[in-house]
Amino acid sequence: MSKFKSDKVLPRYLAIAVLLTLIGVGVIFKAGYTMTAKKSYWETVANRQKSDSDSVRPNRGNILSCDGQLLASSIPEYKIFMDYQAGGNADTAWIRKRDSIWDANIDTLSICLNSIFPERSAEEFKARLEEGRHKELKNGSVGARHWAIWPKRLSYNTYCEVQQLPYFNLPANKGGFHAEKFEARRRPFGSLAERTIGDIRSFEGGKDTARFGIELSYDSLLRGKYGYERKQKVLNKIIPFTVTPPINGCDIVTTIDVGMQDLAEQALVEGLKKWNASMGVTILMEVKTGDVKAIVNMRRSDNGNYYERFNDAISYRCEPGSVFKVASFLVALDDGVVDTSYVIHTGSGIMPMHGAKMKDHNWHRGGYGDINVARTLEVSSNIGVSCVIDKFYGSNPRKYVEGLYRVGIGQDLKLPIVGYLPPKIRMPDTKTSNRALYWSKTTLPWMSIGYETQIAPINTVTFYNAIANNGRMMRPRFVKSFMKDGEVIAELPPEVIKEQIAKPQTIKTMQTILRHVVSQGLGKKAGSHSFQVSGKTGTAQVAKAGGYKTGTVEYWLSFCGYFPSDNPQYTCIVCIKKMGLPASGGLMSGGIFHHISEGVMAKSLKLSVADARDSLSVMEPSVLKGDNKAAGVVLHRLGINKEKVQMEALDIVDGKIPNVVGMGARDAVYQLERQGVKVKLHGIGRVTHQDIAAGTNVQTGMVCTLELK
């Protein structure tokens, strides 16, 4: 007989099963409630928890000019805060002591903050600090935990100055003063080459994003790699231990020359203001290497000033105008269909062509009549160029377009800079539904003079640079090398795109023509009395809404050339866009080109001091009273025996006002400030009078006024 009594055991099992089921349902319900209704609360709690490990930010690499000057660098910046509940777990005695220190120093602290940040008064600082101290939080406690003292970021020097103020100099875990550190990207030369160098947009929490230019194009190299550290509590202190050290970013050495960049920018902006232009571009390139020494992109803003907003030099594709005629004739000369003596009948300046009228710029003065190929480029005759191309390539336009690609004007340069747009040169017999790309009978003649194509200025200047370089086309280079800890780790050598864009004799012929364009053609304004210049002008109407005659006409004016002609060193293009007449590429863009080329060549002159010395003169300069040691070094460099030069000794006595009459401003200020005297200067030159007599005892707060003439 079984002892199992089902009437007693089964109800117990059932009760246990029901209980476990209810518990399981409760757990599931609670989990669902936590995941939904309480989700935001627990996320906030999680974010408040301090991780025992952190990533370590690497230093972003610098961007340097070709001669090592800083173009962009990262510097630390700080935002300052107060934690009024710091030291809350300390003993009561310390809390009372902390409060008494606060009450004793709040007025002094506010006055000191006002002296550092004069935009806000001492009373406003005091009110701000007291507001944070008495702020009631949601949990019932009093005193803000992260109260901003000043809304803006501070430099490192300013942060250190604030950190030394009364009460703020207490340890952070007791006084509550703390800061957040940020990495700020700064350009020492301001907006110089801004669009090419690029920029960094910084966000809260230390994140940053490269925006454009070299900063964006080489972001992965500049950024470096994050490290990893763990935090460990040792004797009540949190000490970080590096697990994986960060790898700092590479420094990038560019081809930009600061002096040439500044010169090109000033010349372009002055020209844009003079001609009331809305936009302008300048590129200066070294002939042998393709190095871009200067690149300027200016657009007029609503306030009338000019700023770099887009990298138009590499991305603004437009109809280039007459600078394109050089490519057309280079194809014709290289194919041998014409030579420079070939005569073209341009008539009275208006020529019917496939149902449309081709005009020369002087049609209202009767045109040029019969001119040869060389003269056609010198005077930039539309009829002359279009008649040659239409006559010899009209039956086979594909050969002409293939010739354009052969000479390099349609070359995709494949630049590493973000934003570059390659040329658009249409090919005949290409099926397309786009009317803008449709090939008609007028396409070839108008293409030959720089219309119906889309080319950025960087492609045009690269093409002209190849002519200056005897036919060798170089890829534009913006970056020369990468450095780490002062050592070059990789170099980007000059790169040849095409060894020869045309036959050597064809290149020589075109070089002669381009020299004559400036010496006896429309490019005279770009020339110089000191050296020969070669180049070509360009004036094109800008199409609007599918046409060229809607409202006031806008013009794209350009001059592209190289200098000096006999030994080309630099190629330069200047493009400006303006509304209405007058509009002349030779006068306006050529004039800006003239100022740039003159300035560049003047900077490259290296004259010896001996060349300026008159053998009949007495080379014993007068030396102002001041730093005799520094003066002696200068005299030695000039090859002058300092023993033969009268240099008055300084009688300096500590605690006494020195006699600074006869000194230069720098030495006078140095000697007075050494004694603790503040100095005010009036005029320029050497000191002629000091309002505190020499020998007077120095007193605290003394101010000496110096008159200079």
(message) So Ile501 and Leu330, do their side chains get closer than 4.5 Å, heavy atoms only?
(response) yes
Distance alone, cut at 3.5 Å: any donor-acceptor contact between the side chains of [X] and [Y]?
X: Thr289; Y: Glu286; result: yes
X: Tyr555; Y: Ser584; result: no
X: Asn459; Y: Arg317; result: no
X: Lys325; Y: Ser380; result: yes
X: Ser565; Y: Ser534; result: yes
X: Ser381; Y: Asp360; result: yes
X: Thr509; Y: Thr506; result: no
X: Tyr570; Y: Lys288; result: no

Between [Y] and [X], is the closest basic N to carboxylate O distance under 4.0 Å?
X: Arg187; Y: Asp199; result: yes
X: Asp219; Y: Arg60; result: yes
X: Glu452; Y: Arg426; result: yes
X: Arg477; Y: Glu495; result: no
X: Arg195; Y: Asp312; result: no
X: Asp334; Y: Arg406; result: yes

(message) Once rounded to the nearest 0.5 Å, what's the spacing between atom OG of Ser386 and atom CH2 of Trp446?
(response)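 Between Ser386 OG and Trp446 CH2, I get 7.0 Å after rounding to 0.5 Å.
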Main-chain N/O of [Y] paired to [X] side chain as donor or acceptor, under 3.5 Å:
X: Asp251; Y: Gly61; answer: no
X: Asp257; Y: Gly259; answer: yes
X: Glu215; Y: Ile200; answer: no

(request) Could you tell me how the ring of Tyr400 sits relative to the ring of Tyr393: parallel (under 30°), tilted (30 to 60°) or perpendicular (over 60°)? (result) tilted
Please output the side-chain donor-acceptor pairs of residues 512-526 that fall under 3.5 Å, not counting sequence neighbours, one pair per line with the distance.
residue	atom	partner	partner atom	Å
Thr512	OG1	Lys508	O	3.1
Ser519	OG	Arg515	O	3.2
Gln520	NE2	Glu378	OE2	3.4

